[in-house]
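Reading through the structure tokens given below for one structure.
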Amino acid sequence: MPAHVYIDELAHHIGEEVTLKGWLYGRRSSGKIHFLQLRDGTGIVQCVASRADVGEELFARADKLGQETSLILDGVVREDKRSPIGVELHAQRFSVVAEPTQEYPISPKEHGTAFLMDHRHLWLRSRRQVAILRIRSEIIRAIRNYFDGRGFTLMDAPIFTPAACEGTSNLFEVNYFDDKAYLTQSGQLYGEAGAMALGKVYVFGPTFRAEKSKTRRHLTEFWMVEPEVAYLDLDGDMDLAEDFLVEVVGQVLRNRRPELAVLERDLSKLESVQKPFPRIRYEEAIALLQRKGKPAQFGDDFGADEETAISEEFDRPVMIHRYPSQIKAFYMKRDPADPRTALCVDVIAPEGYGEIIGGSQREDDLATLEARIAEHKLPRESFEWYLDLRRYGSVPHAGFGLGIERTVAWLCGLHHVRETIPFPRMLEKITP
RNA sequence: UCCGACGUAGCUCAGCUGGUAGAGCAGGUGACUGUUAAUCACCGGGUCACAGGUUCGAGUCCUGUCGUCGGAGCCA
């Protein structure tokens, strides 16, 4: 048997006989010649089967193969201008590994979102979904590369937590040996403990929000990467977020051109993600919204409309810093220059993709933090360990969290985050 | 939770003022040696989401339930 080759390597084997192992993506026929579209996860190639090459028996068999039949096929690689990938295979022989027991539900024609979501496990085989999952994988690799190459240590935070991290959103409650526990909504507080031990850490894992949010930007289970750095202030945090995003976008652009092309992504929108990002104060953002005729005043948080209106003004991510402290989490340090505001930053992605990063300098003073916990009516006992971080060698520190799915949606140019993760978990949607 | 739209063949949809259910694709059979969502001919395929109601008669009108989608709020 000729050597097994993957489709994305075929261009290096022109003239050779090779073996492909894959699935039938589509089939056309023209009497004395059959065209089999074979996919193997790395690409799709057309295999030409003529009666003269494969013989009477296989030729008749080829005409009956159903979509998604798994098969192993030997053939000679030929250069061909008509092929989208520049080559096609002249089949010599093939064997069927398994025939579908029934008709494959996802035909090459149009389908609605509801149907495709119900068949998500099969939808993943489509050209478009494969491209998205590859880009997601590349984004995660770029994130790890970035931090691993800069002295950060990966630190996993627990998924089960005894109480709310931030006290702001609804959590999933689980039974923990007849006691209550919650699925984490953020690894940040644990990341802070890590930063005091290791200096620079990043937490990377799934997070859970039991919000009844039914929008294109929300999932109940999503992934976040959360760097945390000791002796870092807000300005340093913004520098880090900016440098990080430029590197991640750059790596995706370098390594995933073909996938971005499948998605018909406008690359100029990603190529403009360069330093420096605009940095505007919250109050400047309010003024900007007012100039655009949006009702906004100090104390308002920004909804999707406002975020989109702000992002329209810039060709790259925009950093909005120093929000009013009362609309932000208890652990954020207040700005000594203006105690109404917190030393925090949100990064809004371009093109209306919304908030992808939220970060802040953390409150490092024990007494102030104790007061905040009381103000927010949080269970003090659950935070004693966190307060210890301020009792024993407290230092200024900062970090941020990046939502993976929103980043994937932005870089891929997707309308909805449900396509950015293999099996999305949404309000009233937990299967497949 | 609120607002709106939708639910008809495996899929995507049409179905007017209430009068015996349609198309394209997919599937099956056949033709075709270069197709790119091939083309052409023929064939099979329906609990019109579900439950009530109005009517001589309901896919169509009314009420309720369920489901899906979009948006808001909430949230990242």
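Proteins come first, then strands; the chains are lettered A, B, ... in the order of their sequence lines, and each starts at number 1. The basis for the numbers below is simple: all heavy atoms, side chains too, and nothing from hydrogens, waters or symmetry mates. If you're wondering where the values come from, they're calculated on a predicted model, not measured in any experiment.
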### Query
Does A:Lys64 make a side-chain N or O approach to OP1 or OP2 of B:U29 shorter than 4.0 Å?
yes
### A:Phe222-B:A76 aromatic stacking (under 5.5 Å, under 30°)
yes
### Task
Could you work out which one of B:A76, B:G34, B:C69 sits closest to the side chain of A:Arg209?
B:A76
### Message
Tell me if the side-chain of A:Ser107 makes a donor-acceptor pair with the base of B:C25, cut-off 3.5 Å, by modelled atom types.
### Response
no
### Query
Hey, does the side-chain of A:Gln37 have a donor or acceptor N/O within less than 3.5 Å of a partner on the base of B:U36?
no
### Query
B:G46 and B:C32: how far apart are their C1' atoms, nearest whole angstrom?
34 Å
### Query
Of all the choices, B:U33, B:A76, B:C74, which nucleotide is nearest to the side chain of A:Lys32 once you look at every atom?
B:U33
### Task
Rounded to whole angstrom, note down the P distance from B:C61 over to B:A5.
13 Å
#### Entry: P atoms of B:C16 and B:C6, separation to the nearest Å
14 Å
### A:Phe35 or A:Asp118, whichever maps to the more 5' nucleotide of RNA chain B
A:Phe35
### Task
Answer yes or no for A:Arg150 and A:Tyr146: cation-pi contact, defined as NZ/CZ to six-membered ring centre under 6.0 Å and angle to ring axis within 45°.
yes
### Task
Please determine, for B:A5, whether a Watson-Crick or G-U wobble partner exists with both distances under 3.5 Å, and give it or none.
B:U68
### Task
Name the pairing partner of B:C74, where a pair is Watson-Crick or G-U wobble with both distances under 3.5 Å, or state none.
none
### Query
Do A:Glu88 and B:G34 share a donor-acceptor pair, side chain to base, under 3.5 Å?
yes
### Side-chain heavy-atom pair A:His119, A:Leu116 within 4.5 angstrom cut-off
no
